[in-house]
Structures are given as structure tokens and as C-alpha cells.
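Below, all heavy atoms of this structure are taken into account, side chains as well, without hydrogens, waters or symmetry copies. In what follows, chains carry the letters A, B, and so on, assigned in the order in which the sequence lines appear, proteins first and then strands, with residues in each chain numbered from 1.
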There are 4 protein chains.
Amino acid sequence: MTAQRDLCHNPPEETKLKILEAAAKTFGEYGYHQATMTKIAEEAGVAKGTVYWYFTSKEDLFLGLLDNSLAKLYANLELVVTSPTEPIEKLRRFILAYLDFFSRQSHLGQILSRGGIEGLSPEFYHKMIEWHDKFDRLNVELISQGVKAGAFRNDLDNKHMAKVLSGVVSAIGSTQILNLAEIDIEAETDLILTVFLDGISSK
Amino acid sequence: MTAQRDLCHNPPEETKLKILEAAAKTFGEYGYHQATMTKIAEEAGVAKGTVYWYFTSKEDLFLGLLDNSLAKLYANLELVVTSPTEPIEKLRRFILAYLDFFSRQSHLGQILSRGGIEGLSPEFYHKMIEWHDKFDRLNVELISQGVKAGAFRNDLDNKHMAKVLSGVVSAIGSTQILNLAEIDIEAETDLILTVFLDGISSK
Amino acid sequence: MTAQRDLCHNPPEETKLKILEAAAKTFGEYGYHQATMTKIAEEAGVAKGTVYWYFTSKEDLFLGLLDNSLAKLYANLELVVTSPTEPIEKLRRFILAYLDFFSRQSHLGQILSRGGIEGLSPEFYHKMIEWHDKFDRLNVELISQGVKAGAFRNDLDNKHMAKVLSGVVSAIGSTQILNLAEIDIEAETDLILTVFLDGISSK
Amino acid sequence: MTAQRDLCHNPPEETKLKILEAAAKTFGEYGYHQATMTKIAEEAGVAKGTVYWYFTSKEDLFLGLLDNSLAKLYANLELVVTSPTEPIEKLRRFILAYLDFFSRQSHLGQILSRGGIEGLSPEFYHKMIEWHDKFDRLNVELISQGVKAGAFRNDLDNKHMAKVLSGVVSAIGSTQILNLAEIDIEAETDLILTVFLDGISSK
DNA sequence: CATGAATGAGCCTTCATTCAT
DNA sequence: AATGAATGAAGGCTCATTCAT
């Protein structure tokens with residue numbers, strides 16, 4: 001904020017960001033266990049010690065990254081939910097935002113949908129549960145709006161419908177990605193939407 | 001001669017089974033990377049070298065385990081698909097069999113649904129893909145039967161419907177399990193069934 | 001010796017021989033440390049336990065093999081030395097016998113010439129030294145005969161000449177073999193003979 | 001700036017040297033397979049991980065050591081060959097340099113003369129062959145000079161004479177050393193020289 | 001005699017983490 | 001803030017050897 005700070009070539013924040021980006025790329029490419037601090041530091045173009053100056057541990061770095069990514073996804077989804085759109089189109093955009101996230105951050109996507117990675121600390125799980133709950137509430141909110149507006153059934157528990165929704169989305173998302181096929185996100189979204197709205201029953 | 005054999009206290013097969021069970025438990029509890037051969041050997045009550053007598057590597061052991069479990073699941077699902085039941089009840093049993101499997105073998109369930117674990121050999125991935133395809137074909141068969149019988153919609157691609165089905169099931173299955181909540185499998189099955197058949201649309 | 005013994009399909013000696021042959025092949029192909037008891041047992045077509053019935057340890061087996069091979073080589077050389085041939089022809093045959101041995105048993109050849117393998121017991125070294133001395137004495141005897149017959153110089157210490165002789169032979173032998181070139185043993189022998197007899201000096 | 005650097009107590013290079021020395025001692029004492037990374041690290045007074053900071057593997061370390069030692073030996077021999085000395089004295093110094101090397105680095109000497117160690121990577125063998133060829137060429141050059149100068153016979157193939165020379169030298173060198181006798185290198189050199197120049201023939 | 005399952009010490013290597021500079 | 005050398009616990013795996021059958 002001071003004039004002096006602005007003269008720095010590498011304001012601290014910039015280094016932290018570089019590390020975060022490198023971590024995203026590396027974790028994304030290799031997964032948590034295969035990604036090493038050495039790889040991440042190299043990718044970021046800094047020394048290993050520097051990574052430890054900004055993050056106390058590998059887990060801390062991973063958590064930081066997750067927080068970062070999930071916050072973005074959450075913001076996107078929230079934007080959709082709070083926008084003044086009619087329920088079904090809103091649902092479509094909602095699914096689209098999810099799939100888009102999965103297609104960009106496949107491994108992180110998996111983590112979100114499965115609830116974590118083995119062998120991490122309780123703190124990690126706590127954070128994950130917090131996020132899980134936040135997303136759940138958003139899902140429920142989306143469904144509730146639709147029910148209130150008369151677009152969705154009111155004979156089912158909103159929470160359950162929300163759960164199925166997130167289930168389908170994350171499953172399709174991560175499965176697709178692992179097929180390494182180039183997915184047509186829009187088409188996939190429409191498919192999910194159709195099934196989720198009307199079911200596969202012939203009547 | 002055969003009678004004599006039965007008197008053996010520890011036929012080799014028994015040891016292999018002990019190891020397989022220990023592996024199931026350990027991989028299930030810790031995940032692939034956190035599970036160590038030492039832990040598995042201890043759990044099985046044998047020396048580390050013994051594990052390597054039956055399996056050439058950690059990956060080989062894991063693959064053996066996976067093959068074992070997936071073969072069982074596949075057999076169960078196949079039984080359902082080929083049984084002379086009406087489509088919707090058949091679908092219910094199908095979902096039930098999946099959820100039952102997930103609730104027993106949570107980590108293996110994840111692997112099946114998400115397609116793998118980072119850092120393993122190409123052979124592993126090849127095997128996984130083979131299984132994935134086998135299950136896919138079974139799912140499609142189930143849907144096709146329903147469509148033919150007039151129970152399911154015929155305006156959607158069978159493969160797509162099958163994909164959504166397996167997506168919902170595996171997502172619900174593994175998500176639930178990670179919540180560590182005691183799940184009412186029957187209830188969960190009915191929920192999925194309802195949504196999948198009729199959709200959440202109010203009409 | 002008894003009639004009963006002769007009826008056996010596999011007299012003990014036969015099994016022992018099979019193992020010895022397998023050991024020769026395996027040690028020869030892989031060297032001492034790379035050769036495993038498993039490989040040897042497989043090559044011999046017997047169970048690992050059987051190898052341990054005839055030989056108390058890997059080292060013991062190796063020693064047995066060495067004794068076997070060296071005894072044969074020794075017998076051949078002795079035959080040459082004690083035969084009634086004129087000194088220079090005798091020397092030629094002597095070198096030939098050495099090179100022939102090296103070309104057949106490259107690894108054992110190395111062991112003989114360099115005096116052993118690291119990491120074995122004192123007993124092993126003791127045996128090796130015994131053999132070394134035996135061969136040395138034979139070499140000296142050969143040289144002495146030639147000196148006495150007036151064919152070789154008498155102004156040099158016989159022991160030293162013998163040492164140089166064995167040096168040249170073993171070095172040429174093993175070096176050649178490692179080149180993996182098909183060696184013309186006869187030609188090589190003549191070359192060594194020429195240099196060893198007349199030197200390379202121009203006068 | 002450079003002055004400042006010199007104040008460092010432990011410049012990285014020093015650690016690498018400590019490890020190289022420890023490796024030389026340990027490989028020399030135990031041979032390649034018996035020498036363990038643990039022993040080497042202990043001998044060097046560093047942690048095992050530190051060895052891996054400087055060398056990517058045991059083989060890499062061994063190769064580094066070999067390269068180091070052979071480069072020195074080669075430099076010494078080259079000095080002799082290119083010096084303006086008369087052929088026979090040159091030959092004497094050449095032999096002396098070889099024996100001196102063998103007496104200091106017995107195991108490495110063996111490796112040079114025998115052409116390798118079992119069970120290493122193709123890269124290792126390739127390097128060894130390169131060195132072998134370099135030394136061969138030097139040997140041939142030495143002989144050629146002597147022939148040109150009229151000091152050595154011209155009725156024999158230079159390459160063959162060179163081969164016998166290196167054979168005698170390495171054999172005598174390594175054999176002697178293994179006897180663990182204190183060798184009089186000068187005397188040994190003269191012996192080899194005499195035999196190699198004049199032969200043992202009485203005429 | 002022969003088998004082969006079982007053992008366990010020990011090896012090479014990896015990698016998250018620390019710390020002097 | 002940043003570096004990178006140094007650490008050491010831990011992991012997967014090998015293989016000589018034993019022993020109940």
C-alpha cells in the first residue's frame with residue numbers, strides 16, 4: 001500500500017500466487033500423493049524452502065489450494081443460484097458450472113465429490129466437511145427455489161433431491177474426465193438435465 | 001489321497017486368503033498409498049516375505065484384490081440383470097446391489113467409480129478399463145431391457161441413460177459412505193429409483 | 001554299492017550333479033552376486049530345499065563348484081606338465097589349456113585369476129589360496145623344466161617368470177572373453193607364446 | 001564477493017568430495033555389491049539422503065568414482081606417453097604408473113582390467129567400454145612409438161603387443177595386490193619390463 | 001531325499017521437512 | 001524473503017536360509 005511496496009519486483013503475494021498456481025497444476029496432473037514438493041517448487045520456479053515459508057506443510061499447501069479453487073467454484077454457483085432466472089434454466093446453468101469446474105480441475109473435482117484423500121489430518125477433513133456442507137446448502141437452496149416456484153416436485157424431501165443432484169453431477173463429471181474423452185459439456189449438461197427433470201420412465 | 005490333503009492345517013490357499021483379507025481391510029482403511037506392505041503383512045499375521053511369495057508386488061496384490069471384489073460384484077449384478085423380473089423391480093435390485101457393495105467396500109467402490117488411483121502401471125489401468133467396460137455393458141443391457149419392455153423412455157440414448165445411472169449410484173454410494181453415517185440402503189435405493197424414473201420435474 | 005541302490009531312478013549323486021551343473025551355468029552367466037539360489041534350483045529342476053540338502057549354503061555350493069572346475073583344469077594342466085614333450089611345445093599346450101578353460105568358464109576364470117570375490121568367508125579365501133598355490137607350483141614346475149632343459153633363461157627367478165606367465169595368460173584369457181568376441185584360441189596362444197618367449201625388443 | 005565465499009566452512013563441493021572419498025574407501029574395501037549406501041554415508045559422516053543429493057543412485061556414485069579415478073590414471077599415463085623420453089624408459093614409467101594405480105585402488109584396478117561388474121545398467125557398460133578403448137589406444141600409441149623408434153619388434157601386430165602389455169600389467173597388478181603382500185612396485189616393474197622386452201627364451 | 005511355503009534382515013531409494021546462510 | 005544443502009524416517013522389495021511335511 002505504501003509507495004515503497006509498489007517498487008518491489010516480487011511482492012510477496014506474487015510469489016505465493018506462483019506457488020499456488022504451480023501446486024494446482026502439479027496436484028492436478030499427479031494427484032496428491034504423486035505430487036512432490038520438489039515438483040511443485042520447480043514448477044513455481046522457486047526454491048523448496050520458499051514453499052515452506054508460505055505454507056507450513058504439504059497438506060497446508062493442498063488445503064490452501066483447495067480453499068482457493070472451491071471458493072471460486074462456490075462463487076460461480078452462488079451467482080447462478082442468486083440470479084433472477086427461472087428455475088429450470090437456473091438448474092441448467094448450475095450443472096454447467098459444475099461440469100466446467102470438473103473439466104478444468106479433474107483431481108480437485110474428485111476430491112470434492114468423494115470427500116477427500118486418505119491419510120490426511122483431522123483438520124483437513126474438518127475443512128472438507130465445512131465445504132461439503134456449504135455446497136450442500138447451496139444445492140438445497142437451488143432445489144427449494146424450484147419447488148417454491150412450482151417447477152420441481154414437492155412430494156420429495158428437498159435435501160434428498162439435492163443429494164441426488166450433486167451425485168449425478170459429480171459422478172458424470174469425474175467419470176467423463178477420466179475417460180480422457182473430449183467432453184461436450186453443453187450436451188452432457190442437457191442430458192443430465194433431461195434425466196434429472198423427467199426421469200427415464202416411459203410415462 | 002484327496003482325503004489326506006484335507007487334513008492339512010494350513011493349505012497354501014489359506015495363507016493367500018488371509019493375506020487377501022488383510023489387504024482388503026488395510027487398503028479399505030488407509031487407501032492405496034497409505035497402506036503399506038508391512039501393515040498388510042502384520043494384519044495377516046505373516047512375514048512380509050510371505051506376501052511377496054503370493055503376490056509379486058504391492059500393485060499385484062491390489063489388483064488381485066480388486067479382481068476378486070469386482071468379480072463378485074459383477075456376478076451379483078449379472079444375476080439381477082439376467083433374472084426374469086419386471087424391469088423396474090430389476091432396476092431396484094440392481095441399484096441395491098451396487099449400494100450394498102459400496103457400503104461394504106468403500107474404498108474399492110471409489111476406485112471403481114472414479115476409475116483408478118494415481119501412480120500405478122499401465123497394466124493396472126488397462127485392467128481397470130476392462131472392468132469399467134464390462135460394467136458399462138451390463139448397465140446398458142439393463143436399460144435396454146427396460147426400453148424394450150416399454151418401461152423406460154425410448155427417446156434417449158441407452159448408453160447415456162446407463163451412464164447417468166451408474167453415475168448416480170456410485171456417487172450416492174461413495175458419498176454416503178464417506179459421511180460415515182449409517183445408511184439405510186433400502187431407503188436410499190428407493191430415493192434414487194424414484195428420481196431416476198420420474199425425475200424431479202413437477203409435471 | 002548294494003544292488004538295491006542301483007535300482008533308484010535318481011541316485012543321490014545324480015541330483016548333486018544336476019545342481020552342480022546348474023550352478024556352473026548360473027554362476028557363469030550371472031556372476032556370484034547376481035546368481036540366486038532360486039535361479040540355480042530352477043535351472044537344476046529341483047526345489048530350493050533340495051539344493052540346501054546337498055550344500056549348506058550358497059557359498060558352499062560355489063566352493064563345491066569351484067573345486068570341481070579347478071580340479072579339472074588342474075588335471076589338464078598337470079597332464080601337460082608331466083607329459084614327455086619338449087619344453088616349448090609343452091608351454092604352448094599349457095597356455096592353450098588355460099585359454100580353453102577361460103573361454104568355457106569365463107566367470108570362474110575371473111575368479112581364479114583375480115583370487116576371489118568380495119564378501120565371502122575366510123574359509124573361502126583359504127581354499128582359494130590353496131588352489132592358487134597349487135597352480136603356482138605347477139607353473140613353476142613348468143618353467144623349471146624348461147630352464148633345466150636349457151630352453152628358458154636361467155638368469156631370472158623361476159617364480160617370477162611363472163608369475164608373469166600366469167598373469168599374461170589369465171589377463172588375456174579374461175579380457176578376451178569380456179570382449180565377447182569369438183576368440184581364436186590357437187592364434188591367441190601363439191601370440192602369447194611368441195611374446196613370452198622372445199619379448200618385443202627389436203634385438 | 002569471492003572472498004566472502006571462501007569463508008564458508010562447508011562449501012557443497014566439500015561434502016561431495018567427502019562422499020567420493022568415502023565411496024572410494026568403501027567400494028575398495030568391500031567391492032560393489034557388498035558396499036552399501038549406508039556404509040558409505042556413515043563413512044562420509046553424512047546422512048543417507050545427502051548421498052542421494054549428490055548422486056542419483058548407487059550406480060551413479062560408483063560411476064562418478066570410476067570416472068574420477070580413471071581420468072587421473074589416464075592423465076598420468078598420457079603424460080608418460082607424450083613425454084620426450086626414449087621408448088624403453090617410457091615403457092618402464094608406463095608400467096610403473098599402472099602398478100602404482102593398482103596398488104592404491106585395488107578394486108577399481110580389477111574393474112578396469114576385467115571390464116566390469118555384473119548386474120549394472122547398459123549405460124555403465126557403455127562408459128566402461130569407452131574407457132577401455134581410450135586406454136587401449138594409449139597402449140597402442142606407446143608401442144607404436146617404440147616400433148617407429150626401432151626399439152620394439154616390427155614383425156608383430158602393434159595392437160596385439162599392446163594387448164599383451166596391458167594383460168601382463170593388469171594381471172600382475174591385481175594378482176599381487178590380492179596377495180596382500182607389500183609389493184615392491186619398482187622391482188615388479190623391472191621384472192615385467194625384462195620379460196616383456198626380452199622374453200624368457202634362453203636365446 | 002525332496003518339497004516349497006515361510007521367514008526376516010537388510011538393501012536401495014524417496015521425500016516431507018528443517019535450518020544455516 | 002529466499003535459498004538449497006542436509007536430514008532421516010519409512011517404504012517397497014530381494015533373497016539366503018529354515019523347517020514342517
Using a distance-only criterion (donor-acceptor N/O pair, under 3.5 Å, no hydrogens), is the base of E:dT17 paired with the side chain of A:K48? yes
Within less than 4.0 Å of OP1 or OP2 of F:dA1, is there a side-chain N or O belonging to A:T15? no
Identity of whatever pairs with E:dC15 - Watson-Crick or G-U, under 3.5 angstrom: F:dG8
Figure out the OH/C1' separation between D:Y30 and E:dG10, and round it to whole Å. 15 Å
Determine the minimum heavy-atom distance between A:H33 and B:Q34, stating which atoms define it. NE2-OE1, 3.0 Å
Could you state the CZ-C1' distance from C:F62 to F:dC15, rounded to the nearest angstrom? 17 Å
For D:E13 and F:dG4, give me the distance from atom CD to atom C1', rounded to whole Å. 14 Å
Under-4.0 Å side-chain N/O to phosphate OP1/OP2 contact, D:W53 with F:dA5: yes
Sugar-phosphate only, base, or nothing, as touched by B:A41 at under 4.0 Å among non-hydrogen atoms: nothing
Measure across C:Y52 and C:S57 and return the closest heavy-atom pair with its distance rounded to 0.1 Å. CE2-CA, 4.0 Å
Between D:G45 and B:G49, which has a closest nucleotide on DNA chain F that is more 5'? D:G45
Would you check if the side chain of C:N68 reaches a backbone N or O of C:G64 as a donor-acceptor pair within less than 3.5 Å? no
In whole Å, what is the span from the CG atom of C:D60 to the P atom of F:dA16? 14 Å
Between A:F55 and A:F62, does a side chain to side chain contact (heavy atoms under 4.5 Å, CB included) hold up when you go through it step by step? CA-CA 9 Å; A:F55 302 92; A:F62 186 61; over 6 Å; no
Relative to the 5' end of DNA chain E, which residue comes earlier, D:M37 or B:V46, by the nucleotide with the nearest heavy atom? B:V46
Using only side-chain N and O atoms of A:T50, determine if any of them is under 4.0 Å from OP1 or OP2 of F:dT3. yes
Given atom CD1 of B:I40 and atom P of F:dG12, what is their separation to the nearest angstrom? 8 Å
If you find the nucleotide of DNA chain E closest to B:V51 and the one closest to D:E59, which residue's nucleotide is nearer the 5' end? B:V51
Here the distance between atom C1' of E:dT14 and atom NE2 of B:H33, to the nearest Å, is 13 Å
Taking the minimum atom-to-atom distance to the side chain of A:A47, which one of F:dG8, E:dG8, F:dG4 wins? F:dG4
Please give, in whole Å, the distance from F:dT7 C1' to D:Y54 OH? 13 Å
Short side-chain to backbone donor-acceptor contact, B:S69 and B:L65, under 3.5 Å: yes
Under a 3.5 Å limit on both distances, the Watson-Crick or wobble mate of F:dA1 is none
How close or far is atom C1' of E:dA16 from atom CD of A:Q34, stated in whole angstroms? 15 Å
Position toward the 5' end of DNA chain F (nearest nucleotide), C:A35 or B:K58: B:K58
